[in-house]
Asks: 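The structure follows.
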Amino acid sequence: MPKNKPNEVVYHVLSHHIDHYIQAKKIFKTDYDSHMITITVFAHFLYGTLNPSHEKFQNEDLDWGEIYPLVKGLSKNKKKYLDKLSFFSLGQILDMPKETVRRKVDALCKKKLLEYSVREGVTVGESWEPLAKKIAPIDLLSLDRAIKAIDKNGGVDKIFKNIKT
């Protein structure tokens, strides 16, 4: 069994966070709070595809290439199985003031990364897909390095056991 090097694991996990921060700023050309808003909107969409109360997991087995057209289709077809995501909800999730969220969503709508209507709430915009496709492989490679470091050092359970003692 490999020798446990918790510093290596922590290093790779932190490196993943740093890589994501750098790439998000470069690719999306937004501040990090705005990027977290876009991620939260997309996570809300994904939750809707996984939630058993919504269309019996209709889209649970989508691969990356299939997700984007579905997002576009739902944005245009009123997201028939998603609950509305409001400024207030985004503020609660991200611990941001509602007015800050509103201003940032407004700026993201101008860039077409998000869309907003009173009736539909905040949804993914048309410019989001090409940027998400750009960051996804970079982000996944970074995450892969962190996961390999965790596996090499005994897995999550062993790391948690060492942290708890």
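Given the structure is predicted, the values throughout are model-derived calculations rather than measurements. Here, residue 1 is the first one in the sequence, and each next residue gets the next number.
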Asks: Transitively linked via ILVMFWY side-chain contacts under 4.5 Å: Tyr21 with Ile138?
Replies: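 Yes; tracing contacts between hydrophobic side chains, which count when under 4.5 Å, links both residues.
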Asks: Going from CZ on Phe42 to CG on Leu113, what distance comes out if it is rounded to the nearest 0.5 angstrom?
Replies: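 Between Phe42 CZ and Leu113 CG, I get 13.5 Å after rounding to 0.5 Å.
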Asks: So which heavy atom on Lys98 is nearest to which on Phe87, and how close?
Replies: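 Heavy atoms only, the tightest pair is CG-CB, 4.0 Å.
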Asks: Do the side chains of Thr40 and Leu94 get nearer than 4.5 Å, heavy atoms only?
Replies: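 In short, these two side chains touch, coming nearer than 4.5 Å.
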Asks: With a 4.5 Å cut-off on side-chain heavy atoms, are Trp128 and Leu114 touching?
Replies: no
Asks: CE of Met36 to CE of Met96: how many Å apart, nearest 0.5 Å?
Replies: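 The distance works out to 7.5 Å.
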Asks: Return the orientation label for the Tyr32 and His20 ring planes: parallel under 30°, perpendicular over 60°, tilted otherwise.
Replies: perpendicular
Asks: Tell me the closest heavy-atom pair linking Ser15 and Ser142, and the distance in Å.
Replies: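 Ser15 and Ser142 have their closest heavy atoms at O-OG, 4.2 Å.
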Asks: May I ask you to test the Leu143-Asp19 pair for a side-chain heavy-atom distance under 4.5 Å?
Replies: no
Asks: Any link between Ile22 and Leu141 through a network of hydrophobic side chains (Ile, Leu, Val, Met, Phe, Trp, Tyr) touching at under 4.5 Å?
Replies: no
Asks: Within a strict 4.5 Å, meaning less than it, do heavy atoms of the Glu115 and Glu120 side chains meet?
Replies: no
Asks: Calculate, to the nearest 0.5 Å, the distance between atoms CG and NZ belonging to Leu131 and Lys112 respectively.
Replies: 13.5 Å
Asks: Lys84 side chain to Val118 main-chain N or O, any donor-acceptor pair under 3.5 Å?
Replies: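 Side chain of Lys84 to backbone of Val118, a donor-acceptor pair under 3.5 Å: yes, one is there.
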Asks: Taking the side chain as everything from C-beta on, heavy atoms only, tell me whether Lys26 gets closer than 4.5 Å to Gln23.
Replies: yes
Asks: Could you check if a side-chain atom of Lys133 sits within less than 4.5 angstrom of a side-chain atom of Pro130, using non-hydrogen atoms only?
Replies: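 Lys133 does not reach Pro130 side chain to side chain.
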Asks: So Leu90 and Lys104, do their side chains get closer than 4.5 Å, heavy atoms only?
Replies: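 The answer is no, as the side chains (C-beta and beyond) never meet within the 4.5 Å cut-off.
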Asks: So how far is it from Ile93 CD1 to Phe88 CZ, rounded to the nearest 0.5 Å?
Replies: 10.5 Å
Asks: Rounded to the nearest 0.5 Å, how far does NZ of Lys134 lie from CG of Asp139?
Replies: 14.5 Å
Asks: If you round to the nearest 0.5 Å, how far is CG of Asp33 from OG1 of Thr38?
Replies: 11.0 Å
Asks: A side-chain contact here means heavy atoms from C-beta on lying under 4.5 Å apart; do His16 and Val13 qualify?
Replies: no
